Amino acid sequence: MLPKTFRHASWPSPEVVLYWLAFTWVEMETDLGSSAGGGDLSSRGFGCSLRHFACEQNLLSRPDGSASFLQGDTSVLVGVYGPAEVKVSKEIFNKATLEVILKPKIGLPGVAEKSRERLIRNTCEAVVLGTLHPRTSITIVLQIVSDAGSLLACCLNAACLALVDAGVPMRALFCGVTCALDPDGGLVLDPTTKQEKEARAILTFALDSTEQKLLMSTTKGLYSVAEFQQCLAAAQHASHHIFRFYRDSLQRRYSKS
Amino acid sequence: MAAAPIPGSGPRVARTMLGQVVLPGEELLLPESAGPGAEGSAEQTLRLGSVVRPRARVVCGPGLRRCGDRLLVTKCGRLRHKEPGGGGGGGGGVYWVDSQQKRYVPVKGDHVIGIVTAKSGDLFKVDVGGSEPASLSYLAFEGATKRNRPNVQVGDLIYGQFVVANKDMEPEMVCIDSNGRANGMGVIGQDGLLFKVTLGLIRKLLAPECEIIQEIGKLYPLEIVFGMNGRIWVKARTIQQTLILANVLEACEHMTTEQRKQIFSRLSES
């Protein structure tokens, strides 16, 4: 479970209960293996399933939008600020400046974090309608709470929900899916750290919600073109479930008002 | 066995989606008003550039955008619709998305509460919570002349209206209406409490015949100012009452009507 972030330390008693009821806490379990039916995916014997998903939105009071996303034991907390004031040196005259900051669980951000920041920023730039807010900055701050595999995918999902929460105009939603290829050719979706270590190759995709088109892909390891296509197809299939989860959790958030 | 239905896949008719949650990237269809180009089908995508213009004028509000001849959602929230004022109701009117965001984006004509952050020559810089501070001329107050400057200090609260607000220009505020009257605008007095809520709550509170406001008015005598930028200034007789009001208003957002009634009855008893 996530550490609950309290908005007000001292709050009169009757309100505080009501206030906490307001937060949406949505959980879902997806199993692609069973629902895939007789499609291509199961006939190839992927038997893949995504881990347990959970998300909470609007849990921080200071940022304009925030979300925490859990995929199994991987958890990321995101705050989005924007459209806010921008430094003159970073100002872009015809669109918003997008900044992504990835904070590791311990220590200072290194090369790996900077690389992930860039990947996340490029993905977000593809979907955020920056031209509607020129000369402003949109800052996305991601805090890794725990890493148990598929971290980049989790970061992407969390960033998307936080952007939605902040009300940043977007072309479409996006999600991240990580696939791992076993040494014996099997495909694992949403791998854990152990599965990632054993894998021959790890592929992470970012997909949009309108046409499930590829926004970003990053890979590590050896794989063939056919395997890449196979992974992409699996990721696209999995993205349906993630987007359905997004819809459920957002609907629950708005059901209160 | 088809894969699970993709959320947001395929355009949906805007009418059937009213009051429901829409997500960014979804496409909406508007029922074409009975025009000659209506090819037999009841629903068609909104065609803007086509030769046959739909008779009903459709206005895209916040959270929606036009892309070519399509109507796309850009924000998450509930889809709302308002019939055109002139009657008729032939499929036109305003569509918008009611989202619960916290960040304010200046809109022309909005009444907001700002904080004076700087005085420079004949301009004040006012922080309204947008991406850049708004400018406010010292002449834009009731009765202000070159000789008779308004008494505005850095840190004061200003209730004003936007006269210039677009994405490319610095927003500009005034504290007078078109007749030169203050009309309630100007510097907000001493004391009181300023707090921030989501923009959705402000819109709810400012809606005509809002129950919350009527109930709150019965509770204590109070002075209250709502800024469309999510700021509320409230002042009651005592600090305790002010704090209670602020907490109740803040909590109102996520309460159901019954919960709210309960709280109000408990407060009026004590």
Side-chain angles (χ1 to χ4, degrees), chain A residues 11-12 14-16 18-19 21-23 35-39 41 58 61 63-65 81-86 96 127 129 131-137 163-174 208-212 237 239-241 243-244 246-248 250-251 253-257, chain B residues 1-9 20-27 62-65 67 72-78 97-105 127 129-133 167-168 170 196 198-201 204 243-244 247-248 250-256 259-260 262-263 266-267:
Chain A
W11 190 304
E15 283 81 13
V16 81
L18 290 168
Y19 196 79
L21 282 173
F23 283 143
S35 62
L41 289 167
N58 201 10
S61 66
D64 298 311
Y81 300 82
E85 207 157 346
V86 64
V127 290
L129 293 160
T131 49
L132 295 180
H133 301 288
R135 293 169 292 103
T136 62
S137 82
L163 282 168
V164 169
D165 186 47
V168 174
M170 297 205 282
R171 246 178 278 276
L173 298 172
F174 62 94
D208 76 355
S209 67
T210 45
E211 290 160 307
Q212 278 71 46
H237 188 83
S239 74
H240 295 175
H241 292 263
F243 289 129
R244 180 123 42 85
Y246 280 5
R247 170 172 289 278
D248 287 347
L250 288 167
Q251 248 158 9
R253 167 155 154 62
Y254 277 91
S255 67
K256 295 274 162 44
S257 57
Chain B
M1 292 186 206
I6 312 154
S9 70
Q20 289 187 47
V21 177
V22 288
L23 303 184
E26 282 181 9
E27 189 179 339
L64 298 172
R65 73 183 174 120
C67 179
L72 298 169
V73 180
T74 62
K75 278 183 193 173
C76 175
R78 289 185 185 280
V97 178
D98 211 1
S99 69
Q100 282 181 2
Q101 68 185 69
K102 290 194 221 165
R103 173 66 64 163
Y104 179 68
V105 179
D127 166 51
S131 61
E132 60 181 325
K167 64 184 168 81
D168 301 307
E170 185 188 36
K196 287 173 86 174
T198 65
L199 305 185
L201 179 61
K204 200 157 107 184
L243 286 171
I244 290 171
N247 282 329
V248 166
E250 240 178 357
C252 266
E253 177 157 31
H254 301 294
M255 276 196 273
T256 58
Q259 284 174 322
R260 203 178 62 226
Q262 226 174 358
I263 292 275
R266 207 185 312 164
L267 279 172

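No hydrogens, no waters, no symmetry mates; every other heavy atom, side chains included, goes into these values. Letters A, B, ... are given to chains in the order of the sequence lines, protein chains preceding strands, and every chain is numbered from 1. Since the structure is predicted, the reported quantities are computational estimates derived from the model, not experimental observations.
With B/Lys75 contributing its side chain and A/Val168 its backbone, the two residues share no donor-acceptor pair below 3.5 Å.
Contact annotation: the side chain of B/Ser99 approaches that of A/Tyr254 to within less than 4.5 Å [non-hydrogen atoms, C-beta and beyond]. Side-chain contact between A/His237 and A/Gln212 is absent, with no heavy-atom pair separated by less than 4.5 Å. Side-chain contact between B/Met255 and B/Ile263 is present, with at least one heavy-atom pair separated by less than 4.5 Å. Residues B/Pro24 and B/Cys76 are in side-chain contact: their nearest non-hydrogen atoms beyond the backbone lie under 4.5 Å apart.
Only the backbone of B/Asp98 comes within less than 4.5 Å of a heavy atom in chain A; its side chain stays farther off. Using a 4.5 Å cut-off between heavy atoms, B/Val73 touches chain A through its backbone atoms (N, CA, C, O) alone. Contact of B/Pro133 with chain A is made through the side chain alone, with heavy-atom distances under 4.5 Å. Using a 4.5 Å cut-off between heavy atoms, A/Leu163 does not touch chain B at all.
The pair B/Lys102-A/Asp165 does not meet the salt-bridge criterion, since no charged nitrogen lies less than 4.0 angstrom from a carboxylate oxygen.
When B/Arg103, B/Gln101, B/Lys167 are compared by the number of non-hydrogen pairs under 4.5 Å with chain A, B/Arg103 comes out ahead. Most heavy-atom pairs under 4.5 Å with chain A, from the set B/Leu199, B/Thr74, B/Asp168: that is B/Thr74. Contact tally against chain B (heavy-atom pairs below 4.5 Å) for A/Leu173, A/Val164, A/Asp208, A/Thr136: the top residue is A/Leu173. Ranked by heavy-atom pairs shorter than 4.5 Å toward chain A, the options B/Gly63, B/Gly200, B/Gly77 are led by B/Gly77. Of the listed residues A/Gly65, A/Ser137, A/Ala166, the one with more heavy-atom pairs under 4.5 angstrom with chain B than any other is A/Ala166.
One finds the CD atom of B/Gln100 at 10.5 Å from the CG atom of A/Leu250 (value rounded to the nearest 0.5 Å).
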